[in-house]
Amino acid sequence: MFKESQRYRTIYCGKISKNDIDKTVKVSGWVHSVRDHGGIIFIDLRDKTGLVQIVIDPKRDFYKTLEHWRLETVICFAGKVVERSVESVNPKLATGEIEIVADEMEILGEAEIIPFQIAKDDKCSEAIRLKHRFLDLRREKLKNNILLRGAIISEIRKKMIDIGFTEFQTPILTSSSPEGARDYLVPSRLHPGKFYALPQAPQQFKQLLMVAGFDKYFQIAPCFRDEDARADRSPGEFYQLDVEMSFVTQEDIFSAMEELFVHVFNKYSKKGVIEAPFIRIPYEESMLKYGTDKPDLRNPLIIQDVSEVFKNSKFNAFSGTVKKGGVVRALKVENIADKPRSFFDSMVKYAQSEGSKGLAYIIFQNGKERSPIVKFLSDKELSSVKSITGVKDGDVVFFVADKEKNANNIAGAVRTELANRLDIINKDCYKFCWITDFPMFEKDEDAGQVIFSHNPFSMPQGGMKDLLEKNPLDVYAYQYDIVCNGVELSSGAIRNHKPEIMYKAFEIAGYDKRVVNEKFGGMINAFKYGAPPHGGIAPGVDRIVMLLADEPNIREVIAFPFNQQAQDLMMSAPNSVSERQLKELSIKLDIPKKSK
RNA sequence: GGGGGCGUAGCUCAACUGGUUAGAGUACCAGCCUGUCACGCUGGUUGUUGCGGGUUCGAGUCCCGUCGCUCUCGCCA
């Protein structure tokens, strides 16, 4: 009755509809749930497309052949699709109007007792989920995330090719780079004592492809960095949409990426439409207004500078800070004057936990000001605060005073914490922005040395002239980030393609010419043979999927993620290797004994 | 590398200040049930309380060590 090609199925479970009524079909899948009524058994059978109800009559010989219908057993059923009676339609199921009356049954794969439930929303520790990732991937949420990931990546590819980019592959075994994160190293058998490194990003390769003349490059590139995990940072490896373009300015890159993001997000977003262009915020403005270089623009709170107001104040905590070169920052929050004392106390505590000396505040209520600090302030200072912040009755203004860098961090953390506690973040939208004009250099607080603040390959704004004439700390780079809802999706830059400017930039950061030639010789040498101006960006694919899947943890959008200690609990990686393998690689182990 | 938290049944969790036979839900097993859809009902099994040591008449509980997991800071040009 069934052809050879229909050995296991004629149709997917979730695809059966009223159109198939009276047809004889064959389906294969996992036992999702069993409802045994003694006289009749219902089984929900699941495949990647969904569920369908199988009805088993007690007269069937296979009714008793099974000792148990253990959940997650893989079974093939053949039978007739019938319409359900009106009362027994299940509106919760896509296939709820029909069911299959089984004629034949074949067990394809038995299941032992599963460590956690697939059908029910069974909580269980992440270690167990990771160890049995293949089971976790059967669950609705994770399955949908991974399918969404596939769809997004395919859409990104399509769009990138549409707008004129070519996809490339670059080496996975490459050389270690001196800057950046720790490398993953791979020992070389043919060259004892030497190591390959897995690329932290295909940075130099994509720039070399520009020098080669390919003009528009992209790659869904795996990147390897040996750094510790965070909620939005999977250890080990992650994927970037790596992009590079020739003969472009920063604006050209922005508009190409805006076209991509608008297309992909509007196709897969469940949170309304996004529009280009995205807001551009200079780095310094972002640090002032949001206290971070990855602002969540869904948060309506904005930080303001009020240092001038308190410069000569009698409130020494503020005036002293300003006189020592620090700043005072104000954060107005509307309509929270009636919050209890405990709310303000716990905010002060929170600010202190973030390293603040304190958190001053003024409550404006019923035409009066209530505050631990108001008695130190003159009428003029108070009215300046009012006019700068535009405070209304019922509002509260918080103050942070510290060195600029600390004040930014603390005010930024307080801004986020207040928004979370007050639940004033609109979770139902995506807010993109570009952060532009990053400083080229910064001062290493410990060593006192000027260092690159971001990518050493970025072109300084003003080129050689600015490098020669300006204080290095005042030089900006053509360096930018794209941020969405407080998540840094990517950094990018217009690259420095002129060898002499690159030598100079490295010289300022304390590297002499010989070191540059040694470490970046491949690329800088290439720039001596006709290099086009070029630049690029590399948005994190995992983070894009995370945003569109609305997941707070990056491991929920990766099929087989490492745990926090960079281990694969299912495959037992990393693991020891044989003595013979080590010998071939000329490696002797010298594992330090744990202190104590 | 630093700091916090956790470790009890296959899984999730409970067990007062150290006190009787370590419980519940779910899963699993057996039985009943012909229209359920997280089916229902009855009964049952499941434990080296992570591991090792100590204090005590008595330790899941307190102490020390160790292992594992987790969050966080450092780190992520």
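Reminder, nothing fancy here: chain letters follow the sequence lines and each chain counts from 1. Note that these values count all heavy atoms, side chains included, but never hydrogens, waters or copies made by symmetry.
Comparing the C1' positions of B:rC13 and B:rG60 gives an interatomic distance of 14 Å, to the nearest angstrom. Spacing of C1' atoms, B:rG18 relative to B:rG2, comes out at 34 Å, to the nearest Å. Comparing the same atom, C1', in B:rG7 and in B:rU66 gives a spacing of 13 Å after rounding to whole Å. B:rU8 and B:rG4 are spaced 22 Å apart, taking the C1' atom of each and rounding to whole Å. One P atom belongs to B:rU45, the other to B:rU56, and the distance between them is 38 Å to the nearest Å. Remark: the separation of the P atoms in B:rC64 and B:rG47 is 31 Å, to the nearest Å. Comparing the same atom, C1', in B:rC16 and in B:rU34 gives a spacing of 50 Å after rounding to whole Å. Of the P atoms belonging to B:rU17 and B:rG10, the separation is 28 Å, rounded to the nearest Å.
Of the candidates B:rC37, B:rC76, B:rU70, B:rC76 carries the atom nearest the A:R225 side chain, counting heavy atoms from C-beta on. Among the nucleotides B:rC28, B:rG1, B:rU34, the one closest to the side chain of A:L71 is B:rC28. Considering only the side chain of A:P115, B:rG10 comes nearest among B:rG10, B:rC37, B:rC69. Side chain of A:L93, nearest nucleotide from B:rU34, B:rC37, B:rU36: B:rC37. The side chain of A:Q564 lies closest to B:rC71 when the candidates are B:rC71, B:rU36, B:rC11.
Under the rule for a ring pair (Phe, Tyr, Trp, His ring centres under 6.0 Å), the partners of A:F432 that lie at least two apart in sequence or sit in another chain are A:F261, A:F265, A:F278. Looking at residues two or more places apart in sequence or on another chain, you find no ring pair (Phe, Tyr, Trp, His ring centres under 6.0 Å) involving A:Y476. Partners of A:F527 by side-chain contact (heavy atoms from CB on, under 4.5 Å), not counting sequence neighbours, listed by chain and number: A:Q207, A:V211, A:P499, A:M502, A:M523, A:A531, A:H534. The side chain to side chain donor-acceptor pair (under 3.5 Å) test applied to A:D296 returns A:R298, not counting sequence neighbours. The side chain to side chain donor-acceptor pair (under 3.5 Å) search around A:D293 returns none, not counting sequence neighbours. For A:Y290, there are no ring pair (Phe, Tyr, Trp, His ring centres under 6.0 Å) partners, not counting sequence neighbours.
Among the candidates A:F438, A:F457, A:F441, the single residue satisfying the ring-ring contact (aromatic ring centres under 6.0 Å, His included) test with A:F452 is A:F441.
For the OP1/OP2 pair of B:rC69 and a distance below 4.0 Å, the side-chain nitrogens and oxygens of A:Q567 include at least one atom meeting the criterion. Between B:rC76 and A:Q200, no contact under 4.0 Å exists linking OP1 or OP2 to a side-chain N or O. Applying the 4.0 Å criterion to OP1 and OP2 of B:rC71, one finds that A:R555 has a side-chain N or O inside that range. A close approach under 4.0 Å does occur between a side-chain nitrogen or oxygen of A:K92 and OP1 or OP2 of B:rA38. In this model, the phosphate group of B:rG68 is not approached by any side-chain N or O of A:Q565 to a distance below 4.0 Å at OP1 or OP2.
By the 4.0 Å N-to-carboxylate-O rule, A:D402 lies close enough to A:K357 to be salt-bridged with it.
Among the heavy atoms of the strands lying under 4.0 Å from A:R84 is at least one base atom, whether or not backbone atoms are also near. Across all strands, A:I128 comes closer than 4.0 Å only to sugar-phosphate atoms, never to a base (heavy-atom distances). Residue-level contact check: A:N563 touches the backbone only, with heavy atoms under 4.0 Å from sugar-phosphate atoms and none from bases.
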Practice problem: Both distances under 3.5 Å, Watson-Crick or G-U wobble: on that basis, could you give the dot-bracket string for RNA chain B, with [ ] for crossing pairs and | for other-strand partners? | Solution: (((((((..((((.....[...)))).(((((.......))))).....(((((..]....))))))))))))....
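If you check distances only, the side chain of A:R233 does reach the base of B:rC76 with a donor-acceptor pair under 3.5 Å.
Using modelled atom types, one finds a donor on one side chain and an acceptor on the other under 3.5 Å when comparing A:E551 with A:N145. A:Q461 and A:D466 form no side-chain donor-acceptor contact under 3.5 Å, judged by distance and modelled atom types alone.
For residues 475-485 of chain A, the set of pairs meeting the salt bridge (charged side-chain N to carboxylate O under 4.0 Å, His left out) definition, not counting sequence neighbours, is empty.
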Just the table, please: protein N/O against nucleotides 39-46 of chain B N/O, every pair under 3.5 Å.
from	atom 1	to	atom 2	distance (Å)
B:rC39	OP2	A:S33	OG	3.2
B:rC39	OP2	A:R35	NH1	2.9
B:rC39	N4	A:D36	O	2.6

